Amino acid sequence: MSAAPVTILDALLVGGLLAAAGLTLFVPRRSTAVVMFLVFGVLLAIAWTRLGAPDVALAEAAIGAGVTSALLIDAVYERSRRPERATGHHRQVLAVVGAVLAAVLAVGLALVLVDIGPFTSPGPGAADLVADRLDESGVSHPVTAVLLNFRSYDTLLEIAVLLVAVLAALALQPDATLRGVPAPTRTPDLLGLLVRVLAPVLVVVAGWLLVAGSVAPGGAFQAGAVLAGGLLLMRLGGWPGAVPASDLLRPTLAVGLTGFLTLAYLTAALGAGWLDLGAAWAGEAILALEALLTVSIAMTLAALFVANQDPPTPPVGVSSPERTR
Amino acid sequence: MNDTLGALVLLPLGGAVLAALLPRHGPWVGIVTAAATLALALTTAAAVYRSGPRHLELAGWGAPLGIDLRADGLSAAMLALTAVVGVATTVYATGSDAASGRPLFWPLWLALWSGLNAVYVSGDLFNTYVALELVGLSAVALVALGGRDAYPPALRYLFVAVLGSLAYLLGVALVYAEAGTLDIVEAGERLDGATTAVTALTATALAVMALGLALKTALFPLHAWLPQAHAAAPSAVSAILSALVVKASLFVLVRVWFVVFGGAATPGAAQLLGILGTVAVVWGAVLALRQPRLKPIVAYSTVAQVGYLFLLFPLATPGLGEAAGTTAAQAAYAGWTGALGLALAHGLAKAAMFMAAGTLALAHGSDRLTDLRGAATRMPMSTLTFGLAGASLAGLPPTFGFVGKWQLLQASLISGQWWWLPVLLVGGLLTAAYTVRVLGATVNPPDAELAPLAPVPRRMEWAALSMAALAVMLGVSSSGLLGLLGVGAPVGGGP
Amino acid sequence: MILTVVTVILAVAGCFFFAAGTVGLLRFPDLHSRLHAVTKADNLGLGLVLAALALQADSPATALKLGLIWALALLASATSSHLLASGAGDQGGGR
Amino acid sequence: MTREELFLAVGAGLAVLGAARLLLTRDLLTRVLALNVASGGVLMILVALALRGGGPDGPDPVLHALVLTGIVITVSVTGFAIGLVRRIEGDLTEGGRR
């Protein structure tokens, strides 16, 4: 790997990232902060492509910048109140000390990191092994092979984390379903048109990302995030059933983890060992599993968004005018 | 046989999915899953005790390409503790909605159990990160089941848990950069073999990991989040959090410290952890003495008791790499079994205490000490439970807590680190003090009018008492458990 | 050679429209005229930049994808500015 | 300075910046944002390390897979955290407590 020199684009990117992060964290207006965070997410996605990580860039654009920003924007525009900040000498001193300490830590950490030479591991590194045994994994894209075959157990637990997150968000609803969240009432015609055009496009894009994951950047997470966007658009555009409120909700949320666990139980029961995919059928198994995961991930991200919206009762008055201090 | 390691994680996870899909049958799914997981955990512990550490290569690849699961004596003991306390809290939680907090308790608790087991059997640094996140997120969600007043402490807990995990993840990246593997044992061997001196990278990795994990374990001065979160949660959840969840990050810290960074862990850093633990012992106990309500008392007691567990680092670190039979190795072995035995004892006793606190609060409608008058005669079982658990925490003979402290005492004397002796004594006295204060508040003053009690299902009191009884009885026959802790231990040159 | 020149001209023109749209966003007094400036100028700017890129594309498929991106962006910006404008109308004016 | 070194250093800066802001602010939404910035910084370190540790076939795919997992975990946490923030602040505006 030849060391790539820093270009002007890198320098601009880094400057933009730091500026966006600083504005995100320090502007007084919440809406500005959230928009700056959106910019930060987009710049991060560009940074990942500069660092040769197209999978990560796709995921960041769809999940990190897309879904997270949607959650944040929805949180800001209904209520723009900021609890009063305790000001005073004590707090200012704390801020200054904190800033100095943070600067020292950051510089120290950066120095240590920059000092790392090329990896000189004493044994075969995991990355070398991935390249050596990729053809046994059933897919030809190394990141997908790591995620769904070599280290599939990590991904299984990660899907469990997603399920726990959405259950936790549902637990904040009075009856642990989405029934309490009012569906959007008024649908402007133009939005309906957009949804009719865009929803099929998003489904196609998601499907393409899913299938492409076997050979190229993409996969269940990216596809799921795109599909989640489609589901939310449909909900806003006059199809509230796109995100089911109760009966179908939990089965859809859980279908990915259920499929993953079933695969694990089957492999163990048939004597191969937990999650041991035979080279002959690994490719098909991974694709089928990813399809289920895509459905669950999409519904999970969409349900997180809906669950965070306020229940109708108790009514919250007209949101107070934005306060900047 | 080794397949039980996978089942220990994936079985409760299946239970969690089932409980999420069948909200009305949560208690049954919970009980069946708990019984099966207990059987798996005890089988695994017996196998480890009889024939040494277990090892399983997941997906047939083997580390460092795939992920390996491992269980040594410490893992087995933690799995067993989790299962025993897990069954008791499961039974307890079926008793009352107020103690468990609504139906979503079941999927979240089973997912948490799965995550705890995943931490204990994981042989991989990054997999441990994912498992810790599963534990952290489900624990926070369980706290939030406590209702609106629990939301602010839950959110604070979430921030702390995730910040700690991020620091840990940064450390994992640094270790990977140095060793080229994520496998815990292999990384340890490579770091040990590759470096003659401790590099800045290794030191930084150890520092950020220790910081993150100490934050998640609520080591003084990073403890402020814990009492609020543990006190605000429903009682069954508090028991789970205090008895089990704080142990998970401590377990990871022990693994990282002794196995991955065996060569880099300096005595100075170990002493620092011991000193912070000492401050925690005193500070937590003093604050516990000042709380007007029962659950915060028990929660601050956790801060104090966690402090003891950190004595492991100064007492066992000097014995790393010493041959069996040397004084240093003996001291380290005593410190290892003592501190980790104390962790087990604390798990049992603290589960009992929180469950007893829950039944008392449920019956009296409040957990203010001033409202608990008369409990000693009207709810003798719960009061007895609290007293027995307090005795074990204080380290009175013949409890299991006493055995742990005795081992720590031995380790301090053999290794010449006499300065830990007063900590052990003062901490015990302070623990006894706040236990007696609670018991004193339950005595019935003559001719006082007492409000009627709300009914409490008997099985809740039995579940609590069984944990307290276990914490006492294990002290009488502790050699097997201490021997289990020594199986495959990194210090002492083997059992 | 000619291709390169055309590409550069298109790209520079695209950037000009983006810049004009941004200035409009910052300088115009109310929501409606701001929206007008941004959507008009940016849709055109994006179209020009994408056209420049399409000229440099390796294959017709890539050029087609770029065209698709433009179509989607037009649709999205038309809808979102419509929503913004009607939302602002409900509340009686800009922000 | 190479590109990896630049991004390693910036990743460290973002991680510390986010962590420090998380600890020092009281505004709950800012804390959520800070958590995401810190997470972005740590993940940037991982991606830059992947470039540095890569072989002839490109950057290290193992680290990329880890980063993908990290992104998904971060969005899970963020989703739940925003839910909690909104409930807490809803209580504050509604009941006027505190």
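Quick caveat, the model's predicted, so the values are computed rather than measured. Proteins get letters first, then strands, A, B, ... in listed order; numbering begins at 1 in each.
In the model, A:T7 has a side-chain atom that pairs as donor or acceptor with a side-chain atom of A:D10 under 3.5 Å.
Applying the side chain to side chain contact (heavy atoms under 4.5 Å, CB included) criterion to A:T49, with sequence neighbours excluded, gives A:I46, A:A57.
No other option in D:V32, D:L22, D:V77, D:L14 has as many heavy-atom pairs under 4.5 Å with chain A as D:L14. For the set D:L43, D:T74, D:V85, the entry with the most heavy-atom pairs within less than 4.5 Å of chain A is D:L43. In terms of heavy-atom pairs under 4.5 angstrom with chain A, the leader among D:I73, D:T78, D:I82, D:V10 is D:I82.
Put simply, the side chain of A:Q173 gets close to the backbone of A:A307: a donor and an acceptor are under 3.5 Å apart.
Interface remark: D:L29 contributes backbone and side-chain atoms alike to the contact with chain A (heavy atom separation under 4.5 Å). Of the two parts of D:I45, only the side chain, counted from C-beta on, holds a non-hydrogen atom closer than 4.5 Å to a non-hydrogen atom of chain A. Heavy atoms of D:A20 lying under 4.5 Å from chain A belong exclusively to its side chain. Proximity to chain D involves both the backbone and the side chain of A:L51, based on heavy atoms less than 4.5 angstrom apart. Interface remark: D:V67 contributes side-chain atoms only to the contact with chain A (heavy atom separation under 4.5 Å). Within the 4.5 angstrom heavy-atom criterion, atoms from both the backbone and the side chain of A:R50 approach chain D.
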